[in-house]
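A quick write-up on the structure given underneath.
Values in this document were obtained by computation on a predicted structure and should not be read as measured data.
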Amino acid sequence: MSISVDQLDPKQYIIVKGAKVNNLKNIDVAIPRNKLVVITGVSGSGKSSLAFDTLFAEGQRMYVESLSSYARQFLGRMEKPEVEYIRGVCPAIAVEQKVNTRNPRSTVGTTTEIYDYLKLLFARVGKTYSPVSGNLVTKDSVTSVVNFIQSFEEGVRVMTLCPLKMKEGRSLAEELKILLQKGFTRILFNEELTFIEDLPDNGNFEEVYDLAKKGLQVDILIDRNTVKQNDEDNQYRIADSIQTAFFEGEGDCTIEIIQKNKETIRKNFSDRFEADGIRFEEPSVNLFSFNNPYGACKRCEGFGNILGIDEDLVIPDKSLSVYEGAIAPWRSESMKKWQVPLLKNGIKFDFPIHRAYSDLSDEEKQVLWTGNEYFEGLNAFFKHLETQTHKIQYRVLLSRYRGRTVCPDCKGTRLRKDAGYVKIGGKSIIELVLLPVSEVVTFFEALELTDYEKAIAKRILVEIENRLMYLTRVGLGYLTLNRLTATLSGGEYQRIKLATSLGSALVGSMYILDEPSIGLHPRDTHNLISVLEELRDLGNTVIVVEHEEEVMRAADQIIDIGPDAGIYGGELSFQGDIFNMDNPDISHTARYLHNVEKIDVPSYRRKWKKSIRVLGAKENNLKNLDVEFPLNIITVITGVSGSGKSTLIRKIFYPALTKQLGGYSDESGKMAGMEGDIKAISHIEFVDQNPIGKSSRSNPVTYVKAYDVVRQLFADQPLSKQRGYKPAHFSFNVDGGRCEACQGEGEIKVEMQFMADIYLKCESCKGHRFKDEVLEVKYHEKNIAEILELSIDESIEFFKEQKKIVNKLKPLQEVGLGYVKLGQSSNTLSGGEAQRVKLASFLVKGNVKATEKVLFIFDEPTTGLHFHDINKLMRSISALVEQGHSVIIIEHNMEVIKLADWIIDLGPEGGKDGGNVCFAGTPEEMVKLKDNYTAKYLSEKIPAKKG
C-alpha cells in the first residue's frame with residue numbers, strides 16, 4: 001500500500017500498525033470499515049493471528065475495559081496484542097468454527113433463541129385440546145359467566161347456585177349449620193328450593209341426606225336476580241354472586257335461567273382448566289421448557305435419551321431369522337429356554353420364525369418385545385435379568401445390551417407429554433421442533449391467527465420468522481430445532497451463530513468469521529455470500545478468513561497473508577480487489593487463481609472388487625436407500641447441504657459397521673441390514689473434527705507419541721544424569737519438573753462470570769511450564785520449553801540426527817501442519833487441524849499394524865485448507881490407500897471430489913427433497929450428468945470427454 005497507515009482516518013479504516021502476534025512480521029494493515037473483507041493465504045500463514053489474535057483480542061480487551069471494576073481488576077494482566085497500535089476497532093464478535101458446547105441440553109432451537117420465542121408464543125396464544133375428545137379445553141371466569149347471563153333478554157330470572165361440597169369428617173347437619181352461619185339460607189335439591197331452617201333433624205332432612213348419598217347434587221342458592229341490560233349495579237351484584245359461587249363450590253358454579261315461558265336452562269361453569277374429566281396444566285413458558293423440572297419429561301429429565309436396552313445390540317444381524325438365532329442374548333445354552341416357547345408356539349399366533357428379522361412387520365417385531373400368552377418377550381427377559389443383578393454374570397450380561405436409547409415417554413422430544421396438547425395452527429411445539437427448519441418456515445407463512453392473537457404475538461412472530469429465514473439462507477434449512485448442538489459440524493455451528501447474529505440485527509460491529517463456507521455445497525455458497533453482504537449493508541465490518549474462491553470474488557477487498565506457512569509466512573502478500581491480483585508471483589493464492597499452480601486430475605482411477613452394502617436405509621430423510629461402499633479405494637460422499645450425507649455415514653454406516661466388528665457405538669439409524677465384505681477390514685476409524693484431547697495439555701507432539709522420545713532424549717543428557725532427572729521430569733502432566741503454580745499449563749485461567757474465561761501467562765514460570773532447574777538441561781543449546789516453541793518444520797530440521805523423532809513428526813508435515821508448534825495446545829487447533837493431526841497419527845509407522853486393513857472415514861478434511869494444502873492432504877490420504885486401507889470422505893470441495901476413485905452423490909435437494917442416491921460412479925461418468933448440482937460444478941474441474 002503506497003499510503004502509510006499513519007495518514008489514514010480511523011473513522012474510515014480499522015488500522016493495525018506493526019503486528020507481530022505469533023508469526024506476523026511487523027505488518028501494517030488498514031481494513032476499510034463497513035466492507036466485506038476476506039483474509040486468505042495458505043494454512044498457518046498468519047490469517048487467524050491477524051483476524052482473531054490481533055483484531056478480535058483487541059476488540060475483546062476494549063470491551064472488558066468498558067465493564068465494571070470487578071472486570072477491570074484483571075485488565076492490568078490481560079495482555080494487549082503485540083502491535084505498535086490498533087486504531088478504529090469496533091465492538092468485535094468472533095464467529096468461530098469450534099463447536100464450543102458439549103451441553104447435552106443445547107439444541108439448534110436454544111442456540112438460535114428460536115425455541116425461547118416459541119415457548120413464549122405457545123404460552124401466550126396456544127390452545128389446549130383434550131387428547132380424549134379433541135375438544136378445546138377452556139376454563140370459565142366471572143366475566144364469561146356474566147356475559148352468558150347478559151346474553152338473555154331483559155327481565156329473565158336468574159338463580160346463581162353452587163354444589164354443596166361435603167368436607168371430610170363432617171355430617172350434613174354440620175355442613176348446613178355452617179352454611180347458616182355464613183349467611184346462606186336456602187338450598188336446592190330434587191328441583192325444589194328449601195329454607196335450611198325449615199329442615200327438621202329428621203324426615204325431609206334425612207331425604208336430603210339420602211339424595212346426597214345417591215349422588216344427586218345438593219346446591220346452595222347464592223342469589224336470585226333478573227337480567228337488566230343497562231344496570232351497572234345489577235351486573236356488579238351478579239358478578240359478586242358468581243365470585244362467591246366459585247369460592248363456595250370450589251371452582252364450580254351453576255346458573256339456572258328461568259325464561260318467560262317458564263322453560264328452565266341450567267348450565268354448569270368451572271374455573272378449573274379441565275375437560276373430559278382430565279385436569280390440564282394451563283400453558284406457561286415453563287410448561288414448554290425442557291431445562292426446567294416443571295416442563296421436562298420425568299423419565300429422561302429433559303435429555304431425550306435414557307440408558308436402556310439397545311435393539312441393535314440385542315439383534316445385531318437383522319438378516320437372520322428368530323430360528324437362526326437373530327436374538328443374541330437367547331443364543332447361549334442357559335438362555336435358550338426363553339426362545340423355546342416362541343419356536344414351539346409361533347404357529348399358534350401366526351409368527352414367522354423362519355423369516356429374517358428385517359422382513360418382519362412392525363407388529364411382529366413388537367410382539368418379540370412385548371410377548372403374549374404363548375411366550376414371554378424380550379422386555380420380560382430383561383426385567384428378569386434386572387432382578388438377578390446381585391449375581392455378577394447377570395450384571396455383565398445386562399451391560400452387554402445396554403445403550404443410549406430414545407426416551408419411550410417423550411419420544412426424544414424432552415418435554416412432558418401434556419405440553420403436546422397445546423397447539424397453534426394445528427401443531428404442537430413438539431411437532432414443530434421435529435420438523436426441518438424449511439418446513440417450520442412454511443408453517444409460519446401459512447399460520448392464521450385471530451386479530452386478538454395477532455396483537456399478542458406480533459413481536460414474537462417477527463423474531464421467530466427472522467431467525468428462521470436466516471437459518472434457511474445460510475443453508476441450514478434441513479436441520480431440526482431439536483438437533484443437538486454438540487452433533488453439528490464446525491461449519492454448521494458457525495452458520496447458526498451467524499444466523500443468530502443477523503437475527504439480533506447489531507450495527508456498527510466488527511464480525512470476524514472463520515471459514516463460514518465449510519460444509520456448504522458450492523450451490524449454497526451464493527446464499528451465504530448474500531447473508532454476509534446483508535450483514536455488511538446493515539453497517540458492520542465483516543472480516544472473513546476464507547479459502548473459497550466464490551467468497552473471495554464477492555469480497556470488497558482481499559488481504560493475502562503469506563507467502564508460506566509458519567516462519568515462512570506472516571507477511572502481507574497482497575491487499576486490494578481480486579481483479580487486481582494479476583501477478584501470479586505474489587503468492588500461492590494468486591498462482592491457483594491464475595491456474596499456474598493446480599491440483600491435477602489423476603491419470604487413472606483405482607478399480608475395486610470388494611464392498612460393503614447398506615440396505616434399506618430409512619433414517620431421517622433417507623428414502624429406503626441401498627448404497628454400496630467400495631473398499632481399497634478413495635470414495636467421496638457428496639451432495640447439497642442436508643441431502644443425507646451425515647445421516648448415512650454418521651448415523652447408519654459407521655455405528656452399524658462398528659457393532660458388526662464387535663465394537664461399541666451409539667444407537668444406529670433405521671435400516672434393513674448390512675452385507676458384503678465386512679471381514680475384509682479389521683476396524684473402522686472415524687477421523688472427525690472433534691478436538692484431539694479434552695485437556696489443554698494435549699498437543700500434536702504428545703498425540704503422535706513423539707514427545708515420549710523427546711523426553712527420553714533430555715533425560716539422557718549428562719546434566720540430567722548428574723541430577724537424577726528421569727523422562728517424567730520433562731513432562732508437564734506429572735509432578736516433578738513442571739511448574740507447580742500453573743500445573744505445567746504455562747497459563748492460569750481466570751474465571752469471568754459474565755463472559756468467556758481469560759487465560760493469563762503464569763507469572764511464576766513466565767509461560768515456560770517448567771521449573772528453572774529443569775530448563776537448565778539443554779540439547780543443542782535449547783531447553784525443553786524452547787523445543788516446545790519450535791514449529792514442526794523447524795523441529796524436523798533441529799532433530800535431523802534423531803531419526804525416531806523425525807519419523808514421528810514427518811507425517812504432521814506431510815498433512816500440511818508444518819507450521820504448528822510442537823507444544824501448541826490442542827484446544828487452539830481448528831477442527832480441520834485436529835482432524836489432520838489424527839490423520840498424521842495413523843501415518844506414523846507402527847501406529848497401524850501392517851496386517852490391519854482399516855476403513856478410514858473423513859468428515860470434511862479440507863476444513864481450513866488452502867488449495868496448496870489440499871494437495872498435501874490428498875497425497876497423505878492416497879498413501880493410506882496404497883498401504884491397503886480404504887477411505888471414505890464426506891466432502892463438498894471440488895478439488896477433492898475430482899481426485900476420488902468413486903463418487904456417491906445424494907440429493908437432489910436438502911431436507912425432505914433429499915435422501916436419494918442421485919449417482920454412484922467415477923468422476924468422468926458424473927460430469928456427463930444433466931440437472932445435477934455436483935456434476936455442474938465438477939465439470940468446471942474435469943472437462944467432459946467428447947464421444
Contact check, side chains of [X] and [Y], non-hydrogen atoms, under 4.5 Å:
X    : Y    : value
I649 : F686 : yes
K898 : P923 : no
N893 : E548 : no
R606 : I634 : yes
F799 : K808 : no
F629 : L648 : yes
V37  : V542 : no
L809 : L822 : yes

Where [X] and [Y] come nearest, the two heavy atoms and their spacing:
X    : Y    : result
P861 : L865 : O-CD1, 3.8 Å
P811 : N807 : CD-O, 3.2 Å
G18  : D28  : N-OD1, 2.8 Å
K598 : Y592 : CA-CE2, 3.6 Å
P584 : R591 : O-CG, 2.7 Å

Sidechain-backbone polar pair: [X] side chain, [Y] backbone, donor-acceptor under 3.5 Å:
X    : Y    : result
N23  : I567 : no
E786 : N783 : yes
S517 : L520 : no
H547 : G41  : yes
S795 : I792 : yes
T54  : S49  : yes
S682 : K853 : yes
H885 : E882 : no
D577 : Q557 : no

What's the spacing between [X] [atom1] and [Y] [atom2] if we round to 0.5 Å?
X    : Y    : atom1 : atom2 : value
F52  : I543 : CZ    : CD1   : 9.5 Å
S886 : N632 : OG    : CG    : 4.0 Å
K941 : I897 : NZ    : CD1   : 10.5 Å
F856 : L880 : CZ    : CG    : 5.0 Å
I857 : I888 : CD1   : CD1   : 5.0 Å
L817 : L812 : CG    : CG    : 6.0 Å

Should we say atom CZ of F919 is surrounded by more than 12 heavy atoms from elsewhere, each under 6.0 Å from it?
yes

So does K25 have more than 12 non-hydrogen atoms from other groups sitting under 6.0 Å from NZ?
yes

Which pairs would a plain distance check flag for residues 866-877, meaning a side-chain donor or acceptor within less than 3.5 Å of a matching protein atom at least two apart in sequence or in another chain?
| unit_1 | atom_1 | unit_2 | atom_2 | d |
| --- | --- | --- | --- | --- |
| H866 | ND1 | H868 | N | 3.1 |
| H866 | NE2 | T589 | OG1 | 2.9 |
| H868 | ND1 | E597 | OE1 | 3.4 |
| D869 | OD2 | S43 | N | 2.9 |
| D869 | OD2 | S43 | OG | 2.8 |
| D869 | OD2 | H866 | N | 3.4 |
| S876 | OG | E814 | O | 3.3 |
| S876 | OG | K872 | O | 3.3 |

Side chain to side chain contact (heavy atoms under 4.5 Å, CB included) with F653: which of T658, I612, V627, I637?
I612

Yes or no on side-chain contact (heavy atoms from CB on, under 4.5 Å) for W608 and D901, after CA distance, side-chain angles and deciding distance?
CA-CA 9 Å; W608 54 276; D901 299 308; over 6 Å; no

Might you work through the side-chain contact (heavy atoms from CB on, under 4.5 Å) test for L929 and T934, ending with a clear yes or no?
CA-CA 9 Å; L929 294 181; T934 307; over 6 Å; no

For H768, what residues pass the ring-ring contact (aromatic ring centres under 6.0 Å, His included) criterion, not counting sequence neighbours?
none

Please determine which of F730, F732, F714 meets the ring-ring contact (aromatic ring centres under 6.0 Å, His included) test together with Y707.
F732

Between [X] and [Y], is there a side-chain N and carboxylate O pair less than 4.0 Å apart?
X    : Y    : result
E924 : R605 : yes
E891 : K645 : no
R553 : E550 : no

Residues in side chain to side chain contact (heavy atoms under 4.5 Å, CB included) contact with S45, at least two apart in sequence or another chain
V42, K47, I561

List the steps, then state whether side-chain contact (heavy atoms from CB on, under 4.5 Å) holds for L36 with V551.
CA-CA 10 Å; L36 173 57; V551 181; 5.7 Å; no

Is it the case that the side chains of H594 and D582 hold a donor-acceptor pair, with the cut-off being a distance below 3.5 Å and no angle test?
no

Run the side-chain contact (heavy atoms from CB on, under 4.5 Å) test on T638 and L938 for me, step by step, so that the C-alpha distance in whole Å, both residues' side-chain angles and the decisive distance to 0.1 Å come before the verdict.
CA-CA 11 Å; T638 186; L938 187 60; over 6 Å; no

